[in-house]
> 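Let me give you the structure first, and then I'll get to my questions.
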Amino acid sequence: MEFLIFFIAAIILVFASVLVVVQRNPVHSALFLIAALCAQAILYLLLNATFLAVIQIIVYAGAIMVLFLFVIMLLNLKKDEFGPERRKAQSFFGILFAVLLLMELGLVVKIGLSKLTPADASLSFDFGGVQLVGKSLFTDYLFPFELTSVLLLVAMVGAIVLAKKKL
Amino acid sequence: MLTVAIVALVKVIVVLVIFLLMIAYLTWWERKLLAHFQVRLGPMRVGPHGLLQPLADGLKLLFKEDITPAGSNRIIFTLAPIITFVPTFMVLAVIPFGKSITLFGKSIDLIISDFNMGILYIFAVVSLGVYGIVLAGWSSNNKYSLLGGLRSSAQMISYEVSLGLSVIGILMLSGSLSLVNIVNQQDSILNWYIFRQPLAFVIFLICALAEINRIPFDLPEADNELVAGYYTEYSSMKFAMFFLGEYGSMINASAIATTLFFGGWQGPWLPPVVWFLIKIGAFLSFFIWLRATLPRFRYDQLMRFGWGILLPLALLNIFITAIIMVW
């Protein structure tokens, strides 16, 4: 049963991710990205990371992608706005980086496989729940957590300064 | 294993059927109540006091011609109403309807799934509902629809923030994200969260109104400026699906407000499910009452109110709650 769900979610994830890149219409790309994010949330659920799964839907699928769609619709991009010359350069760099990424992935898997250890048996069943994730965020990872929030604040202030000429 | 699956299936079907019936009769109740507010009688022809009117409306919508406008994006145009109404059904999965009952010697919880992150699940599912409206507006290839869709996405994102923050006060007091636990904690009327989090309740109610696009926040469909907003081009069953979604989310908002602030199914003498339905009915009537009373917000007022007043108030509420708890 679990395997079946994983299989379906994984297939949706792979196909949706490929379609995000292949689609010509930016709205369709955004929609497939949402589908991919939802499939990813299912994979998190299967790994018992319930909090991560729900947050994935709320933050990425529910908030950020709405803003993406919002901007795409406001711009109302036409197909001919991507000229042919640009696509030539794009495809050259695209293929280059795809090959580099694949090589890197292979390297990581090759190195990582030898270092794999069996899962920590002392982990409780609810290790991905709100309580335990929150606890570790506010004890072990407090400093990086607070640092991230400052980073987000800086980004927000920057965006406001850029958007508003006159404050 | 098999009995668990069967019990779950039966629960899902029963809840769905009741939910659909409630939606149908909510339209009747809204027309009746609005009519009486305006000193009219409302539907009277079909059945006694128009009680069969929802069935007649449903049949009429089914037999109407299904039009897809030229130049629209056909796939997304069809998908949009489905995306709108499916999340409203999904919300029902975590709402507790009553105490567990004993049937055929087995105790059955009156909730489809006691997920221990019920509130977060609801926020996740509700946040997906906005896509239906946005995509309907975009795919119709119509200026008014697009404007309605854009307005709705801006409105829903803005008010979702305050909606989420208003609930955090309750989470801090209850120490749990499970709706079952939150209802169990409100076992006497003094423990209802409305009395311990009054500010949060006001913010929650206003934001919920904005999320379900009801007057005074019905800008996405604003009849007199946008024709009918995002669903201008829709007809027949697709149009009906938008209405299912809209009235369904109205019921959901009432159910969530009841569960979080008014003790859910808790109440004396009557059976829990009846109490739950009475409280939901009170909220629904209140929403209809508002529709009969208030004018619509202007767009800039809506944005200033959401970000300038509700958001700081919601943050203040969290701050005060934290201070009182530490005290």
Side-chain angles (χ1 to χ4, degrees), chain A residues 1 19 23-35 37-42 44-45 48-79 124-135 156 160 164, chain B residues 1 5 73 75-77 79-80 83 86-87 90 94 113 115-141 143 145-161 163-164 171-172 175-178 211 230 307:
Chain A
M1 189 65 193
L19 284 168
Q23 287 291 321
R24 299 289 288 278
N25 189 331
V27 173
H28 291 176
S29 289
L31 287 180
F32 280 115
L33 187 52
I34 296 164
L37 290 170
C38 291
Q40 207 183 339
I42 296 174
Y44 286 147
L45 272 185
N48 241 350
T50 34
F51 182 63
L52 199 59
V54 175
I55 288 300
Q56 163 100 349
I57 299 278
I58 294 181
V59 175
Y60 284 100
I64 292 179
M65 287 314 294
V66 177
L67 287 177
F68 270 44
L69 263 186
F70 190 74
V71 171
I72 293 173
M73 284 177 190
L74 276 182
L75 293 177
N76 203 9
L77 292 172
K78 298 279 177 310
K79 267 178 196 151
S124 75
F125 179 74
D126 193 37
F127 72 95
V130 174
Q131 273 94 354
L132 293 181
V133 171
K135 208 172 179 181
M156 195 168 78
I160 292 172
K164 283 228 169 202
Chain B
M1 182 64 202
N73 191 315
I75 300 169
I76 296 182
F77 188 77
L79 211 60
I83 298 177
V86 167
M90 286 168 70
V94 293
S113 155
F115 185 34
N116 64 0
M117 276 186 262
I119 296 180
L120 282 182
Y121 169 83
I122 288 177
F123 279 116
V125 171
V126 166
S127 67
L128 291 179
V130 63
Y131 287 117
I133 294 176
V134 176
L135 292 174
W138 178 77
S139 65
S140 297
N141 195 22
K143 287 189 200 66
S145 300
L146 184 64
L147 278 175
L150 287 178
R151 273 186 189 184
S152 115
S153 56
Q155 173 179 330
M156 285 180 140
I157 291 179
S158 311
Y159 279 76
E160 226 173 68
V161 179
L163 187 75
L171 299 186
M172 288 162 73
S176 167
L177 286 166
S178 156
E211 287 290 313
Y230 60 92
W307 290 108

> Checking B:Val130 against chain A: side chain, backbone, both or neither under 4.5 Å from a heavy atom?
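Side chain only.
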> Indicate the atoms forming the closest heavy-atom contact of B:Leu150 with A:Phe70, along with that distance.
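The answer is O-CE1, 3.4 Å.
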> Counting heavy-atom pairs closer than 4.5 Å to chain A, which one of B:Asn116, B:Leu135, B:Leu177 comes out on top?
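So the answer, after comparing B:Asn116, B:Leu135, B:Leu177, is B:Leu135.
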> If you count heavy-atom pairs under 4.5 Å with chain A, which of B:Gly175, B:Ser153, B:Ser127, B:Ser139 comes out on top?
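Ranked by heavy-atom pairs under 4.5 Å with chain A, first place is B:Ser127.
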> Name the region of B:Ile157, side chain, backbone, both or neither, that has any atom closer than 4.5 Å to a heavy atom of chain A.
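Interface part for B:Ile157: side chain.
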> Of all heavy-atom pairs between A:Phe51 and B:Met117, which one has the smallest distance, and what is that distance?
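Heavy atoms of A:Phe51 and B:Met117 come nearest at N-CE, 3.5 Å.
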> Pick one: which of B:Val125, B:Ile122, B:Ile119, B:Leu120 meets side-chain contact (heavy atoms from CB on, under 4.5 Å) with A:Val54?
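Output: one option passes, namely B:Leu120.
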> With only heavy atoms counted, which part of B:Phe123 is less than 4.5 Å from chain A, the side chain, the backbone, both or neither?
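When you check distances to chain A, atoms from both the backbone and side chain of B:Phe123 fall under 4.5 Å.
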> Chain B heavy atoms under 4.5 Å from A:Val27: which part of the residue, side chain, backbone, both or neither?
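Interface part for A:Val27: side chain.
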> Is chain A contacted by the side chain of B:Ile75, its backbone, both, or neither, given a heavy-atom distance below 4.5 Å?
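Neither the backbone nor the side chain of B:Ile75 comes within 4.5 Å of chain A.
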> Give the member of A:Val59, A:Ile34, A:Val66, A:Ile55 that has the highest number of heavy-atom pairs under 4.5 Å with chain B.
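Looking at each of A:Val59, A:Ile34, A:Val66, A:Ile55 in turn, A:Val66 comes out on top.
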